[in-house]
Amino acid sequence: MAKPNEMPEPDNILLRTALFKQVSPEQAEELLPHLKRATFAKNHFIFREGGEDQRIFLLEEGRVKLIRESRDSRVQLLSIHAYGEVLGEIPVFDPHGGPRTASAVAMTNTARVAWLERDALFAWLGKYPRVAVDMLQVLANRMRANNERISDLVFMDVPARLAKTLLSLATRFGEPVEAGLKVPHDLTQEELAQLVGSSRETVNKALMDFSNRGWIAREGRAIIIYKPGMLIRRSRR
């Protein structure tokens, strides 16, 4: 049953993504016959780094992480994606196609995705060229975020990057609780360190410092944030 004053949610997954936010329901409806779906179990790959396919993925349920792996099997966690977000767009909009620059791995027991083939998407964009301009703006924002992350790795110390990472996770996944804001990140200690861009030991030391100061508390694979203002201040140092 709908809640009072609740806006009905669109049935078309495309309308829930930033990439298609300027698209009318009628325009999006034309892409529905081209959408294909699949469900992935936890730790299964949705696509792999180096792959040559040209599909763009839309996350309908669960969480997915993007990772890169070095030749000596070291893993770098690049980002975490959730409901309504787009994955794997780089080979689609690259005029030369692939290869994929990262692997997408399901983080939850049920990660459901829908995807579009490049040819179907581009044929549709040819009919609605204005939409392509709106998509460029979304992709430009992603590039800006990536540039900021690179700058953070160069200019910020680990506690500052950790504080900023926790705040970002809180913004996306935080759940208000009586004690503060609970952030169920579902990451191992190693994965959290990869996301921050440091070693597990250094990140654990910073987490312990935040905890001792009363800013946060650790609760399994979740963080309780008591003093977000202090994390904001530390992220700017």
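Keep in mind that the numbers below use all heavy atoms, side chains included, and drop hydrogens, waters and symmetry copies.
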Using the rule that Ile, Leu, Val, Met, Phe, Trp and Tyr join whenever any side-chain heavy atoms are under 4.5 Å apart, tell me whether [X] and [Y] fall into a single cluster.
| X | Y | result |
| --- | --- | --- |
| M230 | V196 | yes |
| V131 | L14 | yes |
| M208 | V203 | no |

For [X], check side chain to side chain donor-acceptor pair (under 3.5 Å) against everything at least two apart and list the hits.
| X | value |
| --- | --- |
| N147 | none |
| R213 | D209 |
| E117 | none |
| T202 | S199 |

Inset, instruction - Applying side chain to side chain contact (heavy atoms under 4.5 Å, CB included), run through D53 and R100 and close with a yes or a no. - result: CA-CA 8 Å; D53 70 288; R100 291 201 174 275; 2.7 Å; yes
Legend entry - Distance, nearest 0.5 Å, that separates CG of L77 from CG of L195: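 If we round to the nearest 0.5 Å, L77:CG and L195:CG are 5.0 Å apart.
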Inset, instruction - Give every residue pair that meets the salt bridge (charged side-chain N to carboxylate O under 4.0 Å, His left out) criterion with at least one member in residues 172-181, sequence neighbours excluded. - result: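 Checked against salt bridge (charged side-chain N to carboxylate O under 4.0 Å, His left out) - neighbours excluded - the pairs reaching residues 172-181 are E85-R172.
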Legend entry - Residue pairs involving residues 148-157 (criterion salt bridge (charged side-chain N to carboxylate O under 4.0 Å, His left out); sequence neighbours excluded):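 Listed once each, the pairs are E148-K164, D152-K164, D157-R234.
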Given 3.5 Å as the limit, does a donor-acceptor pair link the side chain of [X] with the main chain of [Y], or not?
| X | Y | answer |
| --- | --- | --- |
| T171 | L167 | yes |
| T39 | T110 | no |
| E49 | E69 | yes |
| R68 | T101 | yes |
| R200 | E190 | no |
| W124 | A28 | no |

Legend entry - Residue pairs fulfilling side chain to side chain donor-acceptor pair (under 3.5 Å) with at least one residue in residues 224-233, sequence neighbours excluded: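 Qualifying pairs: none.
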Do [X] and [Y] have side chains that get closer than 4.5 Å, going by heavy atoms?
| X | Y | answer |
| --- | --- | --- |
| M107 | H81 | no |
| L153 | R161 | yes |
| I223 | R218 | yes |
| R142 | E89 | yes |
| E191 | V75 | no |
| L136 | F93 | no |
| L187 | R221 | no |
| V183 | L166 | no |

Who else is in [X]'s hydrophobic cluster (ILVMFWY, side-chain heavy atoms under 4.5 Å, direct or via others)?
| X | answer |
| --- | --- |
| V133 | none |
| V113 | F40, I46, F47, F57, L59, V64, L66, L78, L87, W115 |
| M143 | none |
| I150 | none |

Inset, instruction - Not counting sequence neighbours, which residues clear side chain to side chain contact (heavy atoms under 4.5 Å, CB included) with E29? List them please. - result: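 In terms of side chain to side chain contact (heavy atoms under 4.5 Å, CB included), with neighbours along the sequence ignored, E29 is linked to L32.
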